[in-house]
Visitor: 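Shown below is the structure under consideration.
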Protein chains: 2
Amino acid sequence: MDARTRAERDGSDGVAGCRLDDFLNFLAQRWMSHVVWTLAQHPAIRFGALRRALPGEISARVLSNRLKALEEEGFVVRRDLGTLPLHVEYSLTPRGRLLDAELRRGEAQIGRTKIADAKER
Amino acid sequence: MDARTRAERDGSDGVAGCRLDDFLNFLAQRWMSHVVWTLAQHPAIRFGALRRALPGEISARVLSNRLKALEEEGFVVRRDLGTLPLHVEYSLTPRGRLLDAELRRGEAQIGRTKIADAKER
DNA sequence: CAGGATCCGCCTCGATACTG
DNA sequence: CAGTATCGAGGCGGATCCTG
């Protein structure tokens with residue numbers, strides 16, 4: 001599969017907004033910000049607990065994808081604690097905590113701003 | 001059509017990340033940040049010029065949608081200058097300039113960070 | 001020129017079933 | 001328990017055609 005960023009595929013390199021674009025896409029993925037937010041409230045948390053801690057129903061598949069992505073970007077560490085029944089803990093890295101701080105800041109900045117849904121009309 | 005925000009549909013009201021979620025979705029829509037960035041470089045700019053000023057090819061339909069969304073959120077003003085051939089100018093509101101500043105700040109914060117694509121694997 | 005209307009492919013997510 | 005594999009549905013964005 002094409003592993004390049006969207007900015008790269010667009011040939012829009014060198015123009016402001018590229019890296020930012022990828023960053024926004026990364027964060028805007030469904031559940032992503034919730035996952036970060038929830039991880040930030042625990043020193044470490046297991047897969048199932050994290051899943052239940054999230055508001056609403058997130059499928060295991062998606063949670064797994066998000067955690068993997070976060071890990072790849074260095075926001076999260078995965079710790080496998082032996083076996084049977086499987087125990088895995090996730091926690092934010094220092095960089096992850098920075099991200100959380102940024103998100104909180106963003107939320108504060110938005111303040112009372114209302115943003116309608118992003119649907120096409 | 002369902003005009004509620006995703007956060008509302010998820011029943012995740014009251015949990016941190018809702019409004020932020022919508023905001024991220026809003027900004028992460030394709031071309032959105034580029035449109036804001038480009039608008040910020042002109043006091044006012046016409047539809048076609050804006051279209052050509054954007055890096056890569058954006059369809060008229062999508063640009064129209066983005067501008068409409070930005071206008072609805074109070075980031076952009078649309079000025080219709082008489083008729084034939086149609087002339088329409090778009091420009092950022094003070095609030096829109098604030099948004100641009102935030103985006104620039106975000107970009108600076110990201111710095112040399114690389115974020116991989118948001119695709120599923 | 002500035003868009004609206006349509007059609008359509010692709011991607012993302014959700015649900016379900018399965019495994020070490 | 002912590003995932004992976006597979007399938008299907010819905011939504012977003014691109015292309016094309018059309019109009020005041």
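In what follows, every chain begins at residue 1, and chains take the letters A, B, ... in the order their sequences are listed.
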Visitor: Rounded to the nearest Å, what distance is computed from the NE2 atom of residue B/His87 to the P atom of nucleotide C/dG3?
Guide: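 Atom-to-atom, B/His87 to C/dG3, this comes out as 12 Å.
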
Visitor: Can a side chain N or O of B/Arg46 be found less than 4.0 Å away from OP1 or OP2 on C/dA2?
Guide: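 For C/dA2, OP1/OP2 do have a side-chain N/O of B/Arg46 under 4.0 Å.
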
Visitor: Rounded to the Å, how far apart are B/Asn65 CG and C/dG3 C1'?
Guide: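 B/Asn65 atom CG is separated from C/dG3 atom C1' by 10 Å.
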
Visitor: Heavy atoms from C-beta onward define the side chain here; which of C/dG14, D/dA2, C/dG3 lies closest to that of B/Ala60?
Guide: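 Nearest to the side-chain atoms of B/Ala60, counting from C-beta on, is C/dG3.
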
Visitor: Mapping A/Ser64 and A/Leu86 to their closest nucleotides on DNA chain D, which lands nearer the 5' end?
Guide: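 The residue whose closest nucleotide sits nearer the 5' end is A/Leu86.
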
Visitor: Would you mind reading off the distance between B/Arg30 atom CZ and D/dG14 atom P, rounded to a whole angstrom?
Guide: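 Those two atoms, CZ and P, are 5 Å apart.
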
Visitor: Check for a donor-acceptor pair, side chain of A/Ser64 on one end and backbone N or O of A/Ala60 on the other, with a separation under 3.5 Å.
Guide: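 Flag not set: sc A/Ser64 to bb A/Ala60 has no pair under 3.5 Å.
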
Visitor: When you check the phosphate oxygens OP1 and OP2 of D/dA2, does a side-chain N or O of A/Arg78 lie under 4.0 Å from one of them?
Guide: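 Result: no.
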
Visitor: Taking all atoms of both residues into account, what is the closest heavy-atom pair of B/Pro55 and B/Trp31, and its distance?
Guide: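 Smallest interatomic distance, heavy atoms only, reads O-CZ3, 2.8 Å.
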
Visitor: Return no unless some side-chain N or O of B/Lys68 is found under 4.0 Å from OP1 or OP2 of C/dG4.
Guide: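 For B/Lys68, the contact criterion (side-chain N or O under 4.0 Å from OP1 or OP2 of C/dG4) is met.
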
Visitor: Quick one: pull up CG in B/Asp21 and CH2 in A/Trp37 and give me the separation to the nearest 0.5 Å.
Guide: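 Between atom CG of B/Asp21 and atom CH2 of A/Trp37 there are 12.0 Å.
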
Visitor: Using atom CD1 of B/Ile58 as one end and atom P of C/dA2 as the other, report the distance to the nearest whole Å.
Guide: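 One finds 14 Å between P of C/dA2 and CD1 of B/Ile58, rounded.
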
Visitor: Between P on C/dG3 and CZ on B/Arg79, what's the gap in Å once rounded to a whole number?
Guide: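 Whole-Å distance recorded here is 14 Å.
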
Visitor: Over how many whole Å does the gap from A/Tyr90 atom OH to D/dG3 atom C1' extend?
Guide: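 Spelled out: OH on A/Tyr90 to C1' on D/dG3 is 8 Å.
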
Visitor: Would you compute the distance between atom CD of A/Glu57 and atom CZ of A/Arg51 and round it to the nearest 0.5 angstrom?
Guide: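 It is 7.0 Å, given to the nearest 0.5 Å.
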
Visitor: Can you tell me the distance, in whole Å, between the CZ atom of B/Arg61 and the C1' atom of D/dG14?
Guide: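 B/Arg61 atom CZ is separated from D/dG14 atom C1' by 7 Å.
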
Visitor: Flag yes if more than 12 heavy atoms outside A/Arg79 fall under 6.0 Å of its CZ atom; otherwise flag no.
Guide: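 No.
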
Visitor: When you measure from the side-chain N and O atoms of B/Trp31 to the phosphate of D/dC12, is any distance below 4.0 Å, counting only OP1 and OP2?
Guide: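 No.
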
Visitor: Any side-chain N or O of A/Arg51 below 4.0 angstrom from OP1/OP2 of D/dC1?
Guide: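 Checking D/dC1 against A/Arg51, no side-chain N or O comes under 4.0 Å of OP1 or OP2.
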
Visitor: Which whole-number value in Å describes the distance from A/Met32 CE to C/dT12 P?
Guide: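 Spelled out: CE on A/Met32 to P on C/dT12 is 12 Å.
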
